[in-house]
Amino acid sequence: MSRYKSYQYIENLSDVVGKEVTLRGWVFNKTGKGKLQFVILRDGTGIAQCVIFKGNVSEEIFEQAKALTQESSLIITGTVKKEDRAPGGFEIDVTDLEILQLSKDYPITPKEHGDSFLIEHRHLWLRSSRQHAIMRVRAAIIKAIRDFFDGNGFKLMDSPLLTPNACEGTSTLFETDYFDFGKAYLSQSGQLYAEASALSLGKVYTFGPTFRAERSKTRKHLTEFWMVEPEMAFFDINDDMDLAEDLIEYIVQYCLKTCTRELATLERDTTKLEKVKRPFHRMSYSEAVDWLIKNKVPLIQKDSEGKDVHIHPFPWGEDFGTVQEEAIMEQFDKPCIIHRYPVGAKAFYMKQDPENSKVVLAMDMLGPEKAGELIGGSQREDNYDLLLEKIKQHDLPLDEFKWYLDLRKYGSVPHSGFGLGLERTVKWITGAAHIRETIPFPRTIYRITP
RNA sequence: UCCUGAGUAGCUCAGUUGGUCAGAGCACCUGACUGUUAAUCAGGGGGUCCACAGUUCAAGUCUGUGCUCAGGAGCCA
């Protein structure tokens with residue numbers, strides 16, 4: 001057996017009550033009272049209280065214990081006992097300890113800190129209990145996503161990150177100058193490639209980072225974020241919405257089951273998450289507009305002087321902003337899908353509704369508790385001529401989309417898909433105040449370090 | 001890009017109408033303490049009040065410009 005397999009971790013202490021163990025970790029906190037020192041040790045899997053009593057160890061060991069500082073690294077040996085007074089529920093009666101490195105002036109104290117101080121110390125902030133819990137929930141959500149798709153006949157088919165053009169034709173792209181043949185861009189969506197993959201493997205998903213050079217500066221936006229995008233041959237918009245509901249229900253229920261301790265650390269009200277069961281709410285864009293009009297929610301626009309202008313009643317055809325989405329979601333305690341948006345509000349590749357040429361077969365899933373847009377998806381335009389027309393209308397470079405049009409030329413089928421924003425999902429489930437807490441090292445418009 | 005707000009000790013902040021106004025708590029150092037949970041008690045060190053210019057007898061405080069940060073709009077997941 002290799003050596004590391006015998007390492008004892010705090011999360012498994014319940015198996016070794018009464019035995020002597022050796023733990024490796026960092027000083028999370030320390031308090032003392034004369035001849036008695038309490039060291040809260042963290043090892044990545046949890047925290048355990050280690051007690052050093054002057055009478056039980058050599059003078060040298062006791063002096064070392066007294067000198068320990070926050071985030072010093074150490075190896076500690078002692079007997080495990082169950083102790084309700086101790087954080088974590090177990091206590092180590094220490095017989096020996098070895099300091100690996102004594103930390104000095106660790107910047108993040110157990111007291112309060114401001115947002116910008118913490119984000120500047122993100123590399124250390126990750127060690128604190130809330131951030132630790134959020135990262136564990138993030139890992140659980142990623143596992144839930146992969147388990148869900150792998151268990152339902154999907155194949156992982158990753159899309160390239162370097163692309164020759166904008167997927168949705170907007171100008172919010174990061175440029176690179178490396179290639180001799182001209183500019184290349186960082187991908188803002190893997191969808192177009194996922195469509196090609198779906199026509200090979202049937203049901204696929206692509207899961208990776210995406211990049212948006214939008215100059216957004218809010219607690220819901222990142223410049224670099226992760227997105228999972230399933231794409232399914234033969235799925236229509238209704239299948240697409242059903243799948244989105246199944247996925248979200250699975251993720252939330254998986255987290256409730258496996259992240260009890262983390263959600264408790266985060267003081268998340270889990271009764272709200274327990275309500276996230278199918279069927280979710282659904283309404284068409286037109287029904288949503290009727291609701292906004294009935295409830296006197298205006299369209300808010302800026303005039304030439306930058307002042308807000310409230311427009312009553314909400315005009316059909318305008319896209320929803322945060323005000324409209326939050327107003328609609330206030331009445332619901334589980335997600336709501338809004339579908340069949342006006343043609344002008346959505347991307348070029350979305351299929352026109354055969355029953356109403358003014359709308360496309362698009363759908364957005366909004367989360368409760370001000371979670372915002374979690375999912376955006378659609379049935380794709382599968383008719384060659386209509387898609388060609390749309391590409392021309394949007395002034396997109398036809399050369400770059402030739403391969404994409406081929407998908408409608410050689411065995412075109414109805415197909416659908418959607419994108420789920422990973423960090424927005426993490427933010428919602430953990431109740432994190434800001435999206436930058438939901439990714440290990442956030443990239444935003446004014447921050448690239450650490 | 002636009003709008004709003006903030007910048008004082010390592011951290012979080014107070015500082016009134018311009019005049020003992022360089023302050024507190026925490027962190028750190030020294031000492032006391034056998035049950036601490038953000039321990040407690042006593043003592044100690046620690047400052048480019050974001051920068052520059054201006055008004056004034058006098059600016060942390062008022063004015064202007066700049067810098068940095070925050071979160072909201074738009075855009076989006």
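Excluded from the calculations below are hydrogen atoms, water molecules and symmetry mates; all remaining heavy atoms, backbone and side chain alike, are included. Each chain gets a letter, A, B and so on, in the order its sequence line appears, and its residues count up from 1.
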| task | Name the nucleic acid region contacted by A/Leu374, choosing base, sugar-phosphate or nothing; use a 4.0 angstrom heavy-atom cut-off, strictly under. | result | sugar-phosphate
| message | Heavy atoms only, 4.0 Å cut-off, all strands: where does A/Arg219 land among base, sugar-phosphate and nothing? | response | sugar-phosphate
| Which part of the nucleic acid, if any, lies within reach of A/Gly32 when heavy atoms closer than 4.0 Å are counted: base, sugar-phosphate only, or nothing? | base
| task | May I ask you to verify whether the side chain of A/Gln37 and the base of B/rU36 hold a donor-acceptor pair under 3.5 Å? | result | no
| field | Under 3.5 Å donor-acceptor pair, A/Arg447 side-chain atoms to B/rC69 base atoms | value | no
| task | Check whether the ring centres of A/Phe401 and A/Phe348 lie less than 6.0 Å apart, and answer yes or no. | result | yes
| said: Taking donor-acceptor contacts at under 3.5 Å, does the side chain of A/Gln301 reach the base of B/rG74? | reply: no
| said: Classify A/Asn29 by what it touches in the nucleic acid, base, sugar-phosphate, or nothing, heavy-atom distance under 4.0 Å. | reply: sugar-phosphate
| Can you check whether A/Tyr285 and A/Phe320 have ring centres sitting under 6.0 Å from each other? | yes
| task | Mind checking A/Ile375 for me? I need base, sugar-phosphate or nothing, with any heavy atom below 4.0 Å counting as a touch. | result | sugar-phosphate
| query | How about A/Tyr349 and A/Tyr404: are their ring centres within less than 6.0 Å of each other? | reply | no
| query | Among B/rC28, B/rA77, B/rC11, which nucleotide sits nearest the side chain of A/Phe117? | reply | B/rC11
| message | I need a per-nucleotide contact map over nucleotides 41-51 of chain B, read 5' to 3'. Cutoff is protein heavy atoms under 4.0 Å; write B for the base, S for backbone only, - otherwise. | response | -----------
| task | Tell me what A/Glu91 touches on the nucleic acid: a base, only sugar-phosphate, or nothing, going by heavy atoms under 4.0 Å. | result | base
| Is there aromatic stacking of A/Phe38 against B/rG35, centre distance under 5.5 Å, plane angle under 30°? | no
| said: By the 4.0 Å heavy-atom rule, please label A/Ser116 as base, sugar-phosphate, or nothing. | reply: sugar-phosphate
| task | Would you classify A/Pro107 as touching base, sugar-phosphate or nothing, given that sugar-phosphate means primed atoms plus P, OP1 and OP2, and contacts are heavy atoms under 4.0 Å? | result | nothing
| Between the base of B/rC75 and the side chain of A/Ser216, is there any donor-acceptor pair under 3.5 Å? | yes
| request: Tell me what A/His221 touches on the nucleic acid: a base, only sugar-phosphate, or nothing, going by heavy atoms under 4.0 Å. | output: base
